[in-house]
Amino acid sequence: MAFTAKDVQSLRERTGCGMMDCKKTLTEANGDIEKAIELLREKGLAAAAKKASRIAAEGVVLAYVDEAKKVGVVLEVNAETDFVAKNDKFIAFVENCAKTVAEQNPADVEALLACKASGMDTTVEEELREKILTIGENMKIRRFTRFEGELVTYVHGGGRIGVMVEFDTDAATGAKPEFKEMAKDVAMQIAAIMPSYLDEQAVPADVVAKEKEIMMVQIQNDEKTKNKPAQVIEKMIEGKIKKYYKENCLVEQAFIKNGDISVGQFVADTAKALGGSIAIKSFVRFEKGEGLEKREDNFADEVASMMK
């Protein structure tokens, strides 16, 4: 009995299983969708699909660094409960995913799922499905970022927040303990203060324009400022934009361990002391469940207290 692409799609919608699994099983069932569903259930694949309908917003953010190859990865994998997020098998799976990303450099999560898991003959997707079945919770690889070069990672709160920072410096400077200490302080700053951008140049023009628009409305709605001359209002907006940069751009932010200097100045001072050149090239910050559920913990105070 022949089957069409629509039959494969129908089976995917009814079971939630992958396209190749559905196609293979339809072939075994001679195109009979009901028989294919039965076969998928027998294989345990449909059970995994059923669990996949449940919300996975807990989990862990993990950082992995291959020091020899100078490759780093920050990756988030979600599960349904915090209990499973502490499961040794779950953590081992997440670590393997991060290692696979470092080794094979997949373009995105879909590409990662198709990769052979590091040191295994099975794919990451097959390993994920096996963990869903054996542990009994839905799990999802949500996102990852991979950097190459002189970098540092920092994980806060047992996997609640993960940060990776890439620096532009030479290998000799990057190997010094003073650099490592400075780099960790920058990573902790990112974890605590949550900058949106690296520097002023990284802020999109449309974002700046929108901020100026909001500021203008605020000024016009204030009885004390709405009638001021245009030149004065322009200066006021310039001042507000500078404040926006100091709050949202990493290198402009006040350094959390010394509010008298900026993060950019802290890095420059370290470079001068080491006799080298150091610049922050890029960074990434993942927070577990970000966008999936609201968090009310005061991470800024918690990280700041650790840096005193």
Side-chain angles (χ1 to χ4, degrees), residues 1-62 75-101 103-144 159 286 288-294:
M1 182 179 175
F3 60 90
T4 66
K6 287 186 177 181
D7 293 326
V8 176
Q9 182 63 27
S10 176
L11 185 59
R12 289 189 69 188
E13 291 174 352
R14 292 181 64 180
T15 64
C17 295
M19 181 179 70
M20 294 308 296
D21 287 325
C22 289
K23 188 175 180 180
K24 182 179 178 181
T25 307
L26 271 172
T27 300
E28 292 177 22
N30 294 317
D32 186 329
I33 291 181
E34 296 303 323
K35 178 63 176 177
I37 292 174
E38 182 179 341
L39 288 173
L40 287 168
R41 286 177 177 168
E42 289 173 356
K43 294 176 182 179
L45 300 181
K50 185 177 180 180
K51 291 187 179 70
S53 66
R54 303 206 298 253
I55 296 173
E58 287 294 335
V60 69
V61 175
L62 180 140
L75 173 139
E76 178 182 2
V77 179
N78 299 122
E80 292 178 46
T81 65
D82 185 56
F83 178 76
V84 165
K86 298 174 183 176
N87 181 289
D88 289 341
K89 290 183 178 179
F90 174 78
I91 295 299
F93 168 72
V94 178
E95 289 174 345
N96 185 271
C97 287
K99 193 173 182 181
T100 301
V101 171
E103 294 171 351
Q104 301 182 40
N105 193 20
D108 50 31
V109 172
E110 185 176 354
L112 171 60
L113 290 170
C115 289
K116 289 287 186 182
S118 179
M120 301 181 182
D121 294 326
T122 50
T123 66
V124 172
E125 184 173 19
E126 289 168 338
E127 287 297 310
L128 173 62
R129 192 176 345 172
E130 189 272 335
K131 294 298 180 292
I132 291 173
L133 289 168
T134 56
I135 296 177
E137 278 197 13
N138 183 28
M139 300 170 196
K140 182 178 180 181
I141 301 172
R142 188 181 182 203
R143 53 183 174 168
F144 64 82
F286 286 171
K288 179 184 69 177
E290 194 172 35
L292 299 177
E293 63 179 357
K294 294 181 179 180

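Along the sequence shown, residues are numbered consecutively beginning with 1.
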How close do [X] and [Y] get, counting heavy atoms only, and between which atoms?
X	Y	result
A85	G59	CB-O, 3.4 Å
F90	V84	CB-O, 3.4 Å
K35	A29	CG-CB, 3.6 Å
V101	F144	CG1-CD1, 3.6 Å

Any chance you could measure [X], atom [atom1], to [Y], atom [atom2], to the nearest 0.5 Å?
X	Y	atom1	atom2	value
D7	Q9	CG	CD	10.5 Å
L40	T25	CG	OG1	4.0 Å
L113	C97	CG	SG	8.0 Å
E130	I135	CD	CD1	8.0 Å
T4	L26	OG1	CG	9.0 Å
I37	C17	CD1	SG	9.5 Å

Say whether, by atom type as modelled, one donor and one acceptor occur between the side chain of [X] and the main chain of [Y] under 3.5 angstrom.
X	Y	value
Q104	L112	no
N78	E58	yes
T100	S118	yes
K288	V60	no
E137	E80	yes

Set of side-chain contact (heavy atoms from CB on, under 4.5 Å) partners for M120, sequence neighbours left out: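 Checked M120 against side-chain contact (heavy atoms from CB on, under 4.5 Å); matches are N96, A117, T122, E127.
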Of all pairs that satisfy side chain to side chain donor-acceptor pair (under 3.5 Å), the ones with a partner from residues 82-91, not counting sequence neighbours: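 Qualifying pairs: D82-K86.
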Kindly indicate whether the side chain of [X], heavy atoms from C-beta on, has any atom under 4.5 Å from the side chain of [Y].
X	Y	value
R143	E290	yes
L75	V94	yes
L11	F3	no

